[in-house]
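Take this structure first; my questions come after.
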Amino acid sequence: MEMKYAHVLSPVRVGGFVLKNRLISSNSLPHFLQGPETFPAEPVINHVVEMAKNGAAVVTFADWTNMAQRESVNEDGKRFPMFTLDSDPSVENYICQLADQVHYYGSRVSLALMMFAAPDPVYDVNAAPPVPAPSGPPPRFGEKVYDNYGMNDLMRGNREGKALTHAQIAEIIDYLAGRALKYKKLGFDMVTLHFAYRATLFARFLSAKTNHRTDEYGGPIENRARFLMELCARIKALCGRDFPIEVQITGSERDGNTIEETIKLAKLCEGLVDIFQFRADTANLNHPTSYNSKEHEYAALADCAAVKASGTGILCEVLGGMLDFDDMEEILASGKADLIGGARMFFCDFDLYDKLKEGRNEDVFPCIRCNKCHVPSLEGGWLSFCSVNPRMGIEHRLEKLTKPVGRKKKVAVVGGGPAGMRAALYCRERGHDVTLYEATDRLGGQLKVMDAPSFKWALARYRRWLVAQIEKSGVNVVMNTRADKSLLEAGGYEAVILALGALPKAPPIPGVERAWNILTVFGNEDKLGHRCVVIGGSESGTEAGLYLAENGHAVTILTRGDTLAPDATPIHYRETIDEYFQTLSDIDYIEHAAATAIGDGCVEYTTADGATHRVECDSVVALGGMNPLQEEAMTMYGVTPDTFMIGDCAEIGNLQKCNRGAFAAAYNL
């Protein structure tokens, strides 16, 4: 049988064993899969094993044994799984079970080791010391300069501190090598060390931007690499020469390490390092969103290819936004990399491996790069999920949550937005006869406008994927038809899924009839005047302003809060919105501004001190939220006992809620 993706599926020898293919699941444990258990509970074990089942030749799992994390200044950090491995030997039982079940699928498990900036004592280096709450107003949106993105500076290792002594360095190396040996005895096959984008103590040794030592651990790359080489040598000495070591590195940095130095590093590390995992210069670039990346482009690939071309004997792995099998095959076949790493590729689609083996690239659930799988919110709810894969986060409970497929039913789905299309697809997957009614001449619901903004390309791609899946699924699509109860009754349906969506709601501001709304502004930028005011500083309002600014308008956003897009995904996503904001020349915002009237050529607003102001403009975009079409949906109840209301017409939400609702409805028929 000819394999379309033969290079991706080809084995490769690493250390003392052979990897079943070229796919690596990088360190990426979702934070909220389990509660206060001090051992890897079933949800965590199930998730890790799912990565192996879904095609990962190596699954990476971190040493979460620092209970001081519970007192972290980082909100999501307080809720990480934490293991009392050092104080309770019975926790080893579950670590062993995790490794054993990964091996069941012919995969290997790697221990991720990392340390952040080192306070005293040395063994607390994974903890973030308590720091006082910041005083004063937050940085203005578009003015903050990011270096180590994400968590607070202490947690990211972005702190200048006292240089470690030689004795401390030796103690850290012995401690880390001892961790590797401990996990090897528990069934782990290799170790992964985090030396990328200056985020850890390790990486700060390696980077020319952060290593200012003047002894044998500082200066030229030969010295900056000394800590890495001594650590790897110690691990090999304890765990064996055939125990593979993977090292996460940044190939080149802005005003830091050069690619020439990294090529030299590869020569230095041969025989000590088995895999270099290439990451981008910053954490944000390495967790790409549609704001800081383009389809089929990968920030770390050029560095990976350069080191690979140098003739190094170290295997070169590239990651960061990988999901397209065609791209992976070309990268491997052309010799730009030996391995493909990633996390979201395994989250997005639990049938990824089957689709890879069957050559079905077009059927893989496309990642929308929202980063909600990392941390959806810093204020709760504390759930781990994927926006496009409704199984993630509940995979350990699916058997109880879903009904077995019964007899084939005749199902009507009303509404051709993302919730309706996914419901129709899942019903077809279950074997039902499905008719989808759409009131307009185009499928996609609110996603239809995502074709316009350059920074929403991932959502536009997702809409196209949904439409393509519908076209090949056998779903009977009836366009330009507004379904009602009489139509559904006449159709003889046995189940009805209502996914009518929502419409924009005008804010209660005098003169609002003059304004554009969030769904009409995209694609109509040429109809708006040059000076635009956007009323509303939410993520949606910020996106409207960014879209107009990138199309040449002068934009002022009025927000009642103290910054823009506070509701956006907090880690690695909102920061990329801010970074994109900085690239645009004619956009600004006014905080604590409540619009009071929209006049002819102006918007009036009040500020926190009660003063009244006005801003001149040619056009206005006003956001007042969305109005769910519940009343219309309610009129279609009663046709059959199996009636479900999903998506925005049930409750204003997001794509994740649309997909989870669609899946739940279909898998309860």
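Along the sequence shown, residues are numbered consecutively beginning with 1. Source: prediction; values computed, not measured.
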Name of the residue among V109, I275, L111, I245 meeting side-chain contact (heavy atoms from CB on, under 4.5 Å) with M190: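 Answer to the side-chain contact (heavy atoms from CB on, under 4.5 Å) test with M190 among V109, I275, L111, I245: I275.
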
- prompt: Are T576 and R369 close enough that a side-chain donor and a side-chain acceptor fall under 3.5 Å?
  reply: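 No, R369 and T576 have no side-chain donor paired with an acceptor closer than 3.5 Å.
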
message: One thing to verify: whether R241 and D274 come together as a salt bridge, which I'm taking to mean a side-chain N less than 4.0 angstrom from a carboxylate O.
response: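 Between R241 and D274 there is no salt bridge, as every charged N stays at least 4.0 Å from the carboxylate O atoms.
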
- prompt: Taking only residues two or more places apart in sequence or in another chain, which ones pass side chain to side chain donor-acceptor pair (under 3.5 Å) with D174?
  reply: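 If we apply the side chain to side chain donor-acceptor pair (under 3.5 Å) test to D174, skipping adjacent residues, the hits are R234.
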
Donor-acceptor pair between D88 and S90 side chains, under 3.5 angstrom: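 S90 and D88 do have a side-chain donor-acceptor pair below 3.5 Å.
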
query: Could you go step by step and tell me if E92 and K182 meet the salt bridge (charged side-chain N to carboxylate O under 4.0 Å, His left out) rule?
result: CA-CA 10 Å; E92 296 180 0; K182 185 178 186 70; 3.4 Å; yes

query: Any side-chain donor paired with an acceptor under 3.5 Å for H103 and D189?
result: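 Short answer, yes.
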
field: Ion pair check, E253 and R198, cut-off under 4.0 Å
entry: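 Salt bridge between E253 and R198, a charged N being under 4.0 Å from a carboxylate O: yes.
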
field: Whether over 12 other heavy atoms sit under 6.0 Å from F243 CZ
entry: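 Yes, because the 6.0 Å sphere around CZ of F243 holds more than 12 heavy atoms from other groups.
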
message: Donor-acceptor pair, distance only, cut-off 3.5 Å: does the side chain of K209 make one with the backbone of R254?
response: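 A pair under 3.5 Å: yes.
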
message: Under the side-chain contact (heavy atoms from CB on, under 4.5 Å) test against R344, which residue among C370, S26, C373 passes?
response: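 Of all the options given, the one that passes is C373.
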
task: Please name all residues satisfying side chain to side chain donor-acceptor pair (under 3.5 Å) with H287, sequence neighbours left out, ordered by chain then number.
output: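 With neighbours one apart ignored, the set is empty.
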
task: Please lay out, stage by stage, how H31 and H374 fare under the test ring pair (Phe, Tyr, Trp, His ring centres under 6.0 Å).
output: CA-CA 7 Å; H31 300 173; H374 192 134; 5.3 Å; yes

query: Counting only heavy atoms not in K357, do more than 12 sit closer than 6.0 Å to its NZ atom?
result: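 Yes, NZ of K357 has more than 12 neighbouring heavy atoms, counting only those of other groups under 6.0 Å.
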
- request: Establish, from distance only, whether the side-chain atoms of D63 and Y183 form a donor-acceptor pair under 3.5 Å.
  value: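 Looking only at side-chain atoms, Y183 and D63 do form a donor-acceptor pair, the distance falling under 3.5 Å.
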
Other residues, nucleotides, ligands: >12 heavy atoms within 6.0 Å of E216 CD: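 It does: E216 CD has more than 12 such atoms within range.
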
- prompt: Does the distance from a Lys or Arg side-chain N to an Asp or Glu carboxylate O, for D327 and K336, drop under 4.0 Å?
  reply: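 Not counted as a salt bridge, because no side-chain N and carboxylate O are separated by less than 4.0 Å.
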
query: Got P40 and I95 here, is their nearest side-chain heavy-atom distance under 4.5 Å?
result: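 P40 reaches I95 side chain to side chain.
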
message: Under 3.5 Å, is there a donor on one side chain and an acceptor on the other for N27 and H194?
response: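 Result is no, nothing qualifies.
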
task: Look at the side chain of N223 and the backbone N and O of Y217, then say whether any donor-acceptor pair between them is shorter than 3.5 Å.
output: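 Not a single qualifying donor-acceptor pair exists.
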
task: Could you verify whether a donor N or O on one side chain and an acceptor N or O on the other, from K267 and T312, lie under 3.5 Å apart?
output: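 No.
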
